[in-house]
Amino acid sequence: MIELIANSTDNILNNHTIKLLDEEQQQINDWLDLVAKQQDKRAFSQLFTFFAPRIRSHGLKKFRQEAQAMELVQETMMLVWRKACQFNADKGKASTWIYTIMRNYSFDMLRKVQSNKEDLISEDLWPMLDVEEDTDEQDHLQSRHLLSYINTLPTLQKQVVEGIYIEDKTQQELADELSVPVGTIKSRLRLAMIKLRDMMEDKS
Amino acid sequence: MIKFHPNKKMLTAFSAGELPLSLSIAVSAHIELCEECAQQAQQVEESLSHDTWHDESLENADFGDMLQSIMTTSFEPLETVVRAPHARVHIAGRDYQLPTAFRQYQDLKWSGFGAISRARIVNDEKNVRASLLHIGEGGRIPEHKHKGYELTLLLDGSFTDESGTYEKGDFILLDGDKSHSPYTEKGCLCYAVQDAPLHFMSGVSKVLNPLGNLIY
């Protein structure tokens, strides 16, 4: 009986801890939401008060220099201010989103320090995959162009391109079908590809 | 079906932004091809974020007018994010679509040796070399091992070595002890990261040196 009571107190304590964290997370989400919707300066100040010292402390561990830690604070908070409306609460916590912004900026910073490269590659390493996709249309457009270009190829080259890329045949199968050596298929394909590439490049 | 994945330690180092670029590209590309690891990476990010924001060793600092200067800076609204165009590569008569991590590497210079073509991706990390490797139909890399590690991310096609057959998305990390001789029947495109040259096992290694230099 005594054990049971002890257990139940533990649970309450645990629940209490979890609940506290959730409130904190909710608060951060709400602040970010206000910044996103109405560029609320009071909410942003709250975010700044919570995150700035934490980012600085993280930056000091990473770069071991005050100036760079401060740059990390400045740039991360600036991005939070500017990008707030890109945050999607369905995809996760606001605090995690802010963490990824800091992580990305510090990756690019470290690369600049170590390799003197300013390629800002973090956006490609951690792409935002859940945003609107309008490249599909681009792809369709490109396929349509490509199909019309294929039609302008000399018949022998067109045959090979269609056989391999549209009908999914192997080079050997095509060679057998057309009674020519595989080498001929390869060279026709190569010529066709050079032509297609030139046509695509002219277009873009 | 992807069978080989980065381990938790590597996934965590990646999510913390602590892996060098060469390996970060590999993990990022794998995550784009592997739903399972994408989910795991998201969880790792959450726990890293939690740990970072709840670090106890916090000291106060004077941020001067940083807050005011941020809020008074005028800026272009960044509301819509347009997904970046895909990375593409054209090699050996074929067109491949690559994961986003390769987007900046468009103007690749390919060099070839037999069925093997290579384009350098990362070359600024001490001994580490990272490249795209294309192996044509029926191509084989002679049995070799590495003094350091060899990471191969299979981007397209498939290949087989002494340990099995690998498919698109497989993330294969070998350390210095193992030797292998990968073979591809229908051709494949890989991203390879090595921190030491290949060491060929056969007696005619001199003949193979150009190949070793090309691949590393």
Side-chain angles (χ1 to χ4, degrees), chain A residues 21 39 41 44-45 48-58 70 73-74 77-78 81-83 85-86 92-93 95-100 102-104 106-107 110-111 114-117 119 121-129 131-135 138-139 165 170-171 186 189-190 193 197, chain B residues 14-21 24-25 27-29 31-32 38 41-42 45-50 52-55 57-61 63-64 66-71 73 75-87 90 92-95 99-104 124-125 137 186:
Chain A
L21 275 182
Q39 292 182 14
K41 292 191 174 179
F44 185 73
S45 308
F48 190 90
T49 308
F50 182 87
F51 285 104
R54 289 171 167 81
I55 297 171
R56 175 176 167 271
S57 141
H58 180 80
M70 282 308 213
V73 179
Q74 159 94 28
M77 291 315 292
M78 174 75 98
W81 176 243
R82 292 179 65 190
K83 287 186 165 182
C85 41
Q86 288 176 4
K93 297 173 187 161
S95 61
T96 308
W97 182 75
I98 295 173
Y99 172 80
T100 60
M102 173 185 76
R103 186 261 327 266
N104 289 10
S106 75
F107 188 90
L110 210 59
R111 211 165 140 64
Q114 290 174 346
S115 309
N116 205 19
K117 292 271 164 82
D119 41 21
I121 200 163
S122 66
E123 280 184 26
D124 292 343
L125 293 176
W126 294 281
M128 305 234 188
L129 293 173
V131 287
E132 2 168 354
E133 301 182 26
D134 64 355
T135 47
Q138 187 74 30
D139 278 354
Y165 290 102
T170 65
Q171 297 188 350
K186 284 192 203 295
L189 189 60
R190 197 171 54 86
M193 283 305 158
R197 196 190 54 205
Chain B
F14 167 74
S15 298
E18 281 163 5
L19 280 188
L21 179 62
S24 294
I25 290 175
V27 178
S28 167
I31 284 175
E32 196 165 317
Q42 212 174 346
E45 258 175 14
E46 282 213 7
S47 85
L48 284 169
S49 155
H50 180 272
T52 305
W53 304 140
H54 293 87
D55 187 354
S57 61
L58 207 58
E59 45 177 300
N60 260 329
F63 294 99
M66 193 190 281
L67 173 63
Q68 286 310 319
S69 82
I70 290 174
M71 292 191 301
T73 310
F75 62 87
E76 304 282 312
L78 289 172
E79 276 180 47
T80 48
V81 194
V82 177
R83 184 152 144 194
H86 290 294
H90 184 84
R94 284 199 57 188
D95 214 14
T100 314
F102 292 98
R103 210 177 43 155
Q104 294 202 11
D124 57 17
E125 294 170 10
E137 266 176 54
K186 292 186 172 166

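It should be emphasised that the depicted structure is a prediction, and the values quoted were computed from it without experimental measurement. Letters A, B, ... are given to chains in the order of the sequence lines, protein chains preceding strands, and every chain is numbered from 1.
The parts of B/Leu21 that come within reach of chain A are both its backbone and its side chain, each placing non-hydrogen atoms under 4.5 angstrom from that chain. For B/Ala41, no part lies near chain A; criterion is any non-hydrogen pair under 4.5 Å. For chain B, the nearby part of A/Leu189 is the side chain; its heavy atoms alone come within less than 4.5 Å. There is no contact between A/Gln114 and chain B, counting heavy-atom distances below 4.5 Å. Using a 4.5 Å cut-off between heavy atoms, A/Thr100 touches chain B through its side chain atoms alone. B/Glu59 touches chain A through backbone and side chain together, each having a heavy atom under 4.5 Å away.
Counting heavy atoms from C-beta outward, B/Phe63 and A/Arg56 have side chains that approach closer than 4.5 Å. Two residues are said to be in side-chain contact when any heavy atoms from C-beta on lie closer than 4.5 Å; B/Ser28 and A/Asp124 fail this criterion. The shortest side-chain heavy-atom distance between B/Asp124 and A/Arg111 falls under the 4.5 Å cut-off.
For the set A/Asn116, A/Leu125, A/Asp119, the count of heavy-atom pairs under 4.5 angstrom toward chain B peaks at A/Leu125. For the set B/Ala29, B/Ala61, B/Ser15, the entry with the most heavy-atom pairs within less than 4.5 Å of chain A is B/Ser15. Options B/Met71, B/Gln42, B/Lys186, B/Arg94 differ in how many heavy-atom pairs under 4.5 Å they form with chain A, and the most are formed by B/Met71. Of all the listed residues (A/Phe50, A/Trp97, A/Phe44), the one sharing the greatest number of non-hydrogen pairs under 4.5 Å with chain B is A/Phe44. Chosen from A/Phe51, A/Phe107, A/Trp126, the residue pairing most often with chain B at heavy-atom distances under 4.5 Å is A/Trp126.
Judged as a side chain to side chain contact (heavy atoms under 4.5 Å, CB included), and not counting sequence neighbours, the contacts of B/Leu19 are B/Met10, B/Ala13, B/Phe14, B/Leu23, B/Ser24, B/Val27. Looking at residues two or more places apart in sequence or on another chain, you find a side chain to side chain contact (heavy atoms under 4.5 Å, CB included) between B/Ser49 and A/Ser95, A/Thr96, A/Tyr99, B/Trp53.
A donor-acceptor contact shorter than 3.5 Å is absent between the side chain of A/Arg54 and the backbone of B/Asp55.
Residues A/Val73 and B/Met66 approach most closely at CG1-SD, 3.7 Å, considering heavy atoms. What you find for A/Met102 and B/Thr52 is that their closest heavy atoms are CE-CG2, 3.9 Å.
Taking CD of B/Gln104 as the start and NZ of A/Lys117 as the end, the distance is 10.5 Å to the nearest 0.5 Å. Between atom CH2 of residue A/Trp81 and atom CD1 of residue B/Ile70 there is a gap of 9.5 Å, rounded to the nearest 0.5 Å. Of the inter-residue distances, the one linking B/Glu18 atom CD with A/Arg103 atom CZ reads 11.0 Å to the nearest 0.5 angstrom. One distance of note links NZ of A/Lys41 with CD of B/Gln68; it measures 7.0 Å at 0.5 Å rounding.
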